[in-house]
Amino acid sequence: MKRRIALYGAAAALALMPLAASAERGEDGHLNIIYWQAPSIMNPYLSGGTKDVEASSLVLEPLARYNESGELVPWLVDEIPTVENGGVSEDLMSITWTISEGILWADGTPVTSADLAFTAEYCMHPEGGCAQGARYQDVESVEIVDDRTVTVHFSVAKPVPYGPFVTAQAPILQAAQFADCLGARAPECTEANFNPIGTGPFVVTDFRPNDVIQLEANPNYRDPMLPHFATVTLKGGGDAASAGRAVMETGEMDYAWNLQLAPDVIQTMAQGGQGVPVSAFGTLVERIEVNMTDPSPDLPPEIRSTREAPHPILSDIRVRQALSMAIDRELLVEIGYGQAGRPTCNLVPAPPIFASEANDACLVQDLDGARALLEEAGWTVGGDGIRVNADGDRLVLDYQTSTNAVRQDFQALIQQWWREIGIEANLRNINSSVFFGGDPGSPDTFQKFYADVEMYANNFPGTDPEQYLGAYRCGMEPRPSNQWQGENINRFCDPEYDALHLELAQTADIEERGRIGRALNDILMQNFVIIPLVDRGRVSAHANSLGGVLLNTWDSELWNAADWYRVEG
Amino acid sequence: MFNYTMRRLLLAIPTLLFIALVIFLLLELSPGDPMADMPLTIPPEIREQMRLALGLGEPWYTRFFKWLYLFSVVEPSHVLASITGLENLAIDGQRIISFQTRSPVGDIIAQRLPQTLWVVGLSYLFGILVSLPIGIYSAYRQYSWFDQAGTFVSMVGFSLPTFFTGPLLILIFSIWLGWFPIIYDTTLVVDSWYDFALQMRQMAMPVFVLTLYNAAQITRFMRASMLDNLTQDCVRTARAKGLTERVVVLVHVLRNSMIPVITVIALGIPQIFTGAIITEQIFRVNGLGQLLITAIYATDIPMVLTLSVVFAILIVVFNLIADLLYAVFDPRIRYD
């Protein structure tokens with residue numbers, strides 16, 4: 001195989017002799033990437049894990065994806081279908097994609113519309129357990145128009161029809177390779193799941209699950225000059241700190257993914273001089289969720305933390321607002337995230353068209369204002385500095401989050417601020433595989449929310465928050481009758497909000513969508529049911545000798561690995 | 001002896017079944033979910049479908065017996081097939097599938113075994129080679145400066161955890177001095193002296209960390225056992241007969257002292273296979289220890305269950321071997 005690559009390289013070199021000698025496939029040798037979470041599988045449809053989606057993005061590609069500024073760019077097509085160019089039907093019920101001419105799979109066969117139809121069938125198979133099912137939601141059928149054209153028909157009007165075949169989460173699979181892997185047979189196709197044939201810049205030569213992946217340049221990649229690197233090693237495992245060290249201090253590795261480390265640790269590493277940290281922001285917001293329902297253990301299990309039992313303290317908006325006003329978000333960012341964070345007052349911090357500016361007052365801490373609000377709500381300072389109401393109930397809240405050093409620092413700081421305004425917070429942290437595990441039998445999941453407030457981070461895929469904002473509609477809350485599955489963690493319910501969201505679902509015009517999206521965000525923010533803290537960015541690091549890195553939080557970090565090159569010197 | 005061995009082996013079967021059941025139930029009852037690692041952006045109904053696709057919809061006893069069948073019949077047939085090279089020995093159809101990788105658990109374990117055997121096995125071997133002479137000489141010259149130094153080193157080995165010594169070595173030898181790589185390259189194929197040197201360099205730090213730990217334990221055992229025997233009447237008799245010190249110590253004392261030490265060494269061998277969870281993680285050796293810990297984090301029940309039961313089998317078997325060795329080295333012990 002290596003010899004074949006060498007021959008291709010030689011052939012390419014001969015063909016391009018008159019041109020610049022510096023532009024040929026594989027001229028930059030070997031690239032070392034480190035992911036401290038090791039990829040387990042190369043098929044994003046069978047694993048939603050970020051590490052797996054990103055590793056597979058070196059091989060598998062979508063028709064269109066988001067670039068580093070969150071704009072949708074054509075990838076395997078010539079243009080993005082829109083209503084204007086006729087690619088999306090007027091009634092928003094269908095979208096027509098045409099694959100660019102001459103796109104080949106790594107094995108040399110052409111990419112056809114049958115592959116697209118197959119990919120949709122693969123993910124939509126009821127027994128397959130497809131992790132990316134949400135991207136294919138409401139797809140009624142995928143109609144093959146001709147060899148390179150398909151029309152995706154939706155069962156409802158889709159103002160944003162860029163779900164199927166868009167972003168690294170929903171790439172195209174080769175029908176020939178996965179033909180026998182539908183539904184329940186998906187896990188049996190180990191060979192295909194580890195070595196998928198793709199259109200991307202690299203092909204897998206050796207896949208060792210949860211350890212290391214070796215790849216080489218795809219001989220049939222559409223641009224004959226790319227990729228610059230001939231071979232790639234993607235090593236997995238270990239911890240973020242030593243991954244950062246391997247790039248910035250010892251220079252063993254060229255690229256380290258997602259360094260979730262304290263800002264001062266990253267600063268110290270950067271002094272090693274071998275590499276630099278890079279950061280970018282997406283939509284991930286660290287927030288405190290307020291429970292609108294009563295989590296008291298005295299209530300029977302079918303009522304506890306459900307809408308039948310409103311929260312005795314937090315149902316009062318003044319208390320919720322005081323909780324938010326007491327927080328110094330600047331300080332939280334400084335301590336917890338450094339260059340990888342910025343204070344935010346919004347649930348939807350980006351893209352710009354959806355980012356509201358109406359709530360920015362929260363950026364300034366206002367302890368006196370918070371105290372005044374609590375007084376007004378009837379909570380007066382008791383003997384030990386903790387407020388009590390007329391009935392003598394103390395203002396005590398249970399505050400839970402997952403186990404994580406930064407989150408425990410945040411808990412301690414916020415506990416202190418709340419204490420200054422007369423609120424006592426009982427802190428609790430839960431192992432993240434339990435907290436985020438969603439086991440209906442466990443009392444400690446974030447969905448069950450057997451606490452008054454809880455803290456975690458969440459974001460939405462892509463650039464459109466419709467589905468994300470839709471989670472806060474009435475009836476979407478986790479409750480016993482749906483096995484505690486649901487995304488309306490706060491149990492928020494406002495018919496006005498639901499009506500506005502319905503309007504969003506029927507609007508295609510982007511300006512109008514922006515306006516409605518911001519209004520929905522503002523309803524949630526001005527009700528203080530969600531207290532946003534930090535807009536969390538992504539920090540990765542690359543060696544000084546690696547060029548072309550454009551950190552992308554909207555898609556895979558390795559989205560443009562074909563363009564990465566070796567910097568001389 | 002044969003009867004005894006057979007009896008022990010037969011008794012091991014219910015023990016292992018019980019162990020497997022207990023591990024399964026522990027995993028079943030413990031909180032945690034294979035979907036916990038997935039981003040929150042995946043909606044709950046899709047998570048539910050993914051759970052069903054992993055077979056989690058079936059009742060626990062069905063899953064346990066399915067696993068038991070696959071583990072005791074299907075997987076051994078694949079092991080046999082790959083050892084003998086006869087493909088048709090392997091039973092077709094479903095195998096034990098890992099939740100994380102959707103691939104057969106057996107294949108991943110086979111892929112990981114060499115790393116662990118190399119690094120952990122070598123460190124165990126070095127540990128024994130270093131600790132026996134130190135233990136013998138420390139006991140012979142009790143309270144000498146050599147004994148004091150040996151005691152100090154083994155106390156350091158005992159009390160400094162590998163999660164401290166590992167990063168310390170990385171800091172000194174990789175970052176300050178730049179001698180050894182931080183990242184262990186599991187794909188390295190040794191087919192030249194140059195590659196061999198690379199392999200030695202990347203193994204140096206993890207092997208050293210584990211050797212220190214292993215040697216610390218065995219040295220103390222060896223020393224204690226020698227001290228017991230040095231004061232025996234037979235030793236005085238041997239000296240009185242005019243035997244040289246060399247013969248007295250290395251033949252009369254050492255042979256008797258080795259009996260408990262060999263048992264300890266045999267009982268420690270399963271550790272080689274279970275891997276060194278922390279050290280493997282620190283140096284990214286990615287052997288069986290790292291496999292187990294990542295599987296636990298990801299609630300990969302089939303992987304954790306299979307690995308744990310394999311370890312249980314090894315422990316039961318090496319217990320038996322230790323008992324048999326005891327009889328071989330000590331003629332006073334008879335099992336019939």
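In what follows, chains carry the letters A, B, and so on, assigned in the order in which the sequence lines appear, proteins first and then strands, with residues in each chain numbered from 1.
- For Cys130(A), the part lying under 4.5 angstrom from a heavy atom of chain B is the backbone only.
- Only the side chain of Thr250(A) comes within less than 4.5 Å of a heavy atom in chain B; its backbone stays farther off.
- Put simply, of Glu48(B), Met50(B), Gln49(B), the one with the most heavy-atom pairs under 4.5 Å next to chain A is Met50(B).
- Proximity to chain B is limited to the side chain of Glu249(A), based on heavy atoms less than 4.5 angstrom apart.
- Heavy atoms closer than 4.5 Å to chain A are found in the side chain of Arg112(B), but not in its backbone.
- Of the two parts of Gln169(A), neither the backbone nor the side chain holds a non-hydrogen atom closer than 4.5 Å to a non-hydrogen atom of chain B.
- Between Phe178(A) and Tyr122(A), the ring planes are perpendicular. Angles over 60° get that label, and only those under 30° would be called parallel.
- A donor-acceptor contact shorter than 3.5 Å is absent between the side chain of Arg201(B) and the backbone of Gln199(B).
- Note that CG of Leu198(B) is 12.0 Å distant from CZ of Phe180(B), once rounded to the nearest 0.5 Å.
- Comparing Gly236(A), Ala131(A), Pro126(A), Gly49(A) by how many heavy-atom pairs each has under 4.5 Å with chain B, the most go to Ala131(A).
- Note: Asn210(A) leads Asn210(A), Val212(A), Asn43(A) in heavy-atom pairs under 4.5 Å with chain B.
- In terms of heavy-atom pairs under 4.5 angstrom with chain B, the leader among Ile34(A), Asn193(A), Asp52(A), Asn32(A) is Ile34(A).
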**Item:** Worked verdict on Ser242(A) versus Asp239(A) for side chain to side chain donor-acceptor pair (under 3.5 Å)
**Value:** CA-CA 6 Å; Ser242(A) 62; Asp239(A) 56 300; 2.9 Å; yes

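- Using a 4.5 Å cut-off between heavy atoms, Met253(A) touches chain B through its side chain atoms alone.
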**Prompt:** Step by step, would you call Lys235(A) with Asp185(B) a salt bridge (charged side-chain N to carboxylate O under 4.0 Å, His left out)?
**Reply:** CA-CA 8 Å; Lys235(A) 175 80 178 176; Asp185(B) 178 5; 5.9 Å; no

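- By the 4.0 Å N-to-carboxylate-O rule, Glu28(B) lies close enough to Arg63(B) to be salt-bridged with it.
- Between Phe71(B) and Trp67(B), the ring planes are parallel. Angles under 30° get that label, and only those over 60° would be called perpendicular.
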**Message:** For Asn429(A) and Thr401(A): C-alpha separation, side-chain torsions, deciding distance, then whether side chain to side chain donor-acceptor pair (under 3.5 Å) applies.
**Reply:** CA-CA 5 Å; Asn429(A) 65 74; Thr401(A) 187; over 6 Å; no

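- No other option in Val285(B), Ile282(B), Asn286(B) has as many heavy-atom pairs under 4.5 Å with chain A as Asn286(B).
- In this structure, chain A has a heavy atom under 4.5 Å from the backbone of Tyr297(B), while its side chain stays farther away.
- Proximity to chain B (any heavy atom under 4.5 Å) is restricted, for Phe207(A), to the backbone atoms N, CA, C and O.
- With Glu280(B) contributing its side chain and Gly287(B) its backbone, the two residues share a donor-acceptor pair below 3.5 Å.
- When heavy atoms are compared at a cutoff of 4.5 Å, Glu191(A) does not approach chain B at all.
- Proximity to chain B involves both the backbone and the side chain of Ala243(A), based on heavy atoms less than 4.5 angstrom apart.
- Using a 30° and 60° split on the angle between ring planes, Phe460(A) and Tyr468(A) fall in the tilted class, from 30° to 60°.
- For Gln281(B), the parts lying under 4.5 angstrom from a heavy atom of chain A are both the backbone and the side chain.
- Atom CG of Leu307(B) sits about 9.0 Å away from atom CD1 of Ile296(B), to the nearest 0.5 Å.
- Residues passing the ring pair (Phe, Tyr, Trp, His ring centres under 6.0 Å) test with Tyr35(A), sequence neighbours excluded: Trp257(A).
- Taking 4.5 Å as the heavy-atom cut-off, the residues of residues 97-109 of chain B that approach chain A are Ile97(B), Gln100(B), Thr101(B), Arg102(B), Ser103(B), Pro104(B), Ile108(B), ordered by number.
- Within the model, atoms CH2 of Trp484(A) and CZ of Phe449(A) stand 11.5 Å from one another, a figure rounded to the nearest 0.5 Å.
- Using a 4.5 Å cut-off between heavy atoms, Gln214(A) contacts chain B through its side chain alone, with no backbone atom that close.
- Between the side chain of Thr231(A) and the main chain of Leu215(A), no donor-acceptor pair closer than 3.5 Å is present.
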